[in-house]
There are 2 protein chains.
Amino acid sequence: MGGPRFEPVRTVRAYERIVEQIEEAVETGALTPGQRLPSERDLMAQFSVSRSTVREALRVLQARGLVQSRPGDPNGAEVQPFSPAALHKSMTTLARVDELSLGELVQFRMVLDASANLLAARLRTDEQLAEMDAAIERMRRAAEVSYDEFSAADVAFHDAVARASRNKLIEISTGVVRSIVLNLIAGKIASSDDRVALMRRSIRHHEEVLDAVRAGDGPLAARLSRETMYDYYVDYVPADERPALRALLEE
Amino acid sequence: MGGPRFEPVRTVRAYERIVEQIEEAVETGALTPGQRLPSERDLMAQFSVSRSTVREALRVLQARGLVQSRPGDPNGAEVQPFSPAALHKSMTTLARVDELSLGELVQFRMVLDASANLLAARLRTDEQLAEMDAAIERMRRAAEVSYDEFSAADVAFHDAVARASRNKLIEISTGVVRSIVLNLIAGKIASSDDRVALMRRSIRHHEEVLDAVRAGDGPLAARLSRETMYDYYVDYVPADERPALRALLEE
DNA sequence: TGCAGCCTACTGGTCAGACCAGTGCACTAG
DNA sequence: CTAGTGCACTGGTCTGACCAGTAGGCTGCA
């Protein structure tokens, strides 16, 4: 004992070193969205590796959503602005392989949406309030006509609230989880009559939430938004998962 | 108008088709963690493509955390159990590229941790309570000795709470966001004296939270956990972001 | 018979060079 | 001045090769 502490060495593949370097450049801002990488043939000269190695690195970067290449493009791969696509992908995978239940997803949405409303009640601008108004008005018009359009307007409302929370992480996460939930229940929607009733009730709920946001009453907006979501999704959730959802209503 | 509606065709690369097929197999359970993929040379025969194409597909799958290959392994790539590594990676990228502020991250932690506590208060088992007790005891012993050990015990406590919430999404997200936050403030820690005082106060706060969880008072546990986290991190957060954090304390 | 050590047949990682279908730009013919 | 045509270049794919590493069977010794 007492000798020098050696660290286990990790053999690093060539393409990983390339990924690291380019990733570093993007994250430090040396490469900004819209800029182009050199062509693969240039990169292979710069990194002193073969084109296959360069390409494997680019595949990884592309899977992470950092760059995007297009065949025939006389410029190299384009650095992408951040998009939640990668986040969405891994969360979708999580939902499928780890068998996330609909209950867990809805519960998560209740948590996120409630906090977005809580913050929005404090921080919203008049302009954002107008957006929410417009979204609800759009829901009203759509309710009797098209479920898809209603759903889109509903999404717009929640997006406006999320933006008003001024927390990008909340904004992105709500979007990602919502799309997974909507995807899961797509096709499982109730009968047409039930659906119209559901939409009407949902509009009333959204109006109440918006009133609370407008009044600046965060805790109320949060509570109402949880109830709104519970009411809207509870029928899709298996009975044995509902108690856990109701636990969130008691706060 | 009125003719058949044509969909825009998306040229799909060969390696993407391979990714899709293997991904599908993993997500439907046809391939389970621990199982091996055929070797690259077998795959290239099965998919009728060249090895470079197979390899590019494997790189993508590996970036998504679905498989892992090891050079020299006489078996093929191994299907991995889901790990939040990919989620972690994309959220870290988000934090760096999109310049997520520490304030936003802490705010998100407050939201998640509070809801974990709320649920844990309802759903915790006695065994999980014992884990939380043990973690706090470990924090007590470590406080006077090592900040790192204290921090590890703190993590153990929050992990136990997250598990007790019985929501895998909350559990994973808290872990991911926490490690990003800890990474951001690493090195920025206050002076030694302040640090000890901070740890002592934090222990007291954790005890209060645990009491509320033990008593089954979810809303109280949630509120206390928000306060605990605010108190612990507020000094690292720029002054102009603090009001947004305080907004969460009012619920 | 038992086991230590070597050998071989694989693996993944990398390289080199080639072809193809696209793309954008410069040039050319009208 | 413009419409049209090449051309030079891109990324996507293929072929075939070499290397270092691994595991498991085989050999030969004790």
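Below, chain A is the first sequence line, B the second, and so on; all start at residue 1. Side chains included, hydrogens not; waters and symmetry mates left out as well; all remaining heavy atoms used.
Separating the CG atom of A/Leu43 from the C1' atom of D/dT10 is a distance of 12 Å, rounded to the nearest angstrom. Put simply, CG on A/Leu58 is 13 Å from C1' on D/dT10, counting in whole angstrom units. One atom, CD of A/Glu56, and another, P of C/dT14, lie 7 Å apart when rounded to the nearest Å. The CD atom of B/Gln68 sits 12 Å away from the P atom of C/dG12 (whole-angstrom rounding). Rounded to whole Å, the distance from CG on B/Asn75 to P on C/dA9 is 18 Å. Rounding to whole angstrom units, CZ of residue B/Arg36 and P of D/dA23 are separated by 10 Å. The interatomic distance linking B/Phe47 (CZ) with D/dT13 (C1') rounds to 16 Å, in whole Å. One interatomic measurement links the two molecules: CZ of B/Arg41 to P of C/dT14, which rounds to 14 Å at whole-angstrom precision.
If you check every strand for non-hydrogen atoms under 4.0 Å, B/Thr53 touches sugar and phosphate atoms only. The residue A/Ser39 sits close only to the backbone: its heavy atoms come under 4.0 Å of sugar-phosphate atoms, none of a base.
For the OP1/OP2 pair of D/dG12 and a distance below 4.0 Å, the side-chain nitrogens and oxygens of A/Arg59 include at least one atom meeting the criterion. Under 4.0 angstrom from either OP1 or OP2 of D/dG11 there lies no side-chain N or O belonging to A/Arg55. Dashed line: the shortest gap from a side-chain N or O of B/Arg70 to OP1 or OP2 of C/dG12 is not under 4.0 Å.
Counting heavy atoms from C-beta on, the side chains of A/Asp73 and A/Glu78 never come closer than 4.5 Å.
Salt bridge B/Lys89/A/Glu23: present, at least one basic N to carboxylate O contact under 4.0 Å. A salt bridge links B/Arg163 with B/Glu131; the closest basic N to acidic carboxylate O contact falls under 4.0 Å.
Nearest-nucleotide mapping onto DNA chain C: of A/Ala14 and A/Asp73, the residue sitting toward the 5' end is A/Ala14. Comparing B/Ser52 and B/Pro38 by the nucleotide of DNA chain C whose heavy atom lies nearest to each, the residue mapping closer to the 5' end is B/Pro38.
Evaluation of atom-type donor-acceptor distances gives a pair under 3.5 Å for the side chain of A/Arg51 against the base of D/dT13.
A donor-acceptor pair under 3.5 Å links the side-chain atoms of B/Gln107 to the main chain of B/Ala244, judged by distance alone.
The closest side-chain donor-acceptor pair between B/Tyr233 and B/Arg109 falls under 3.5 angstrom.
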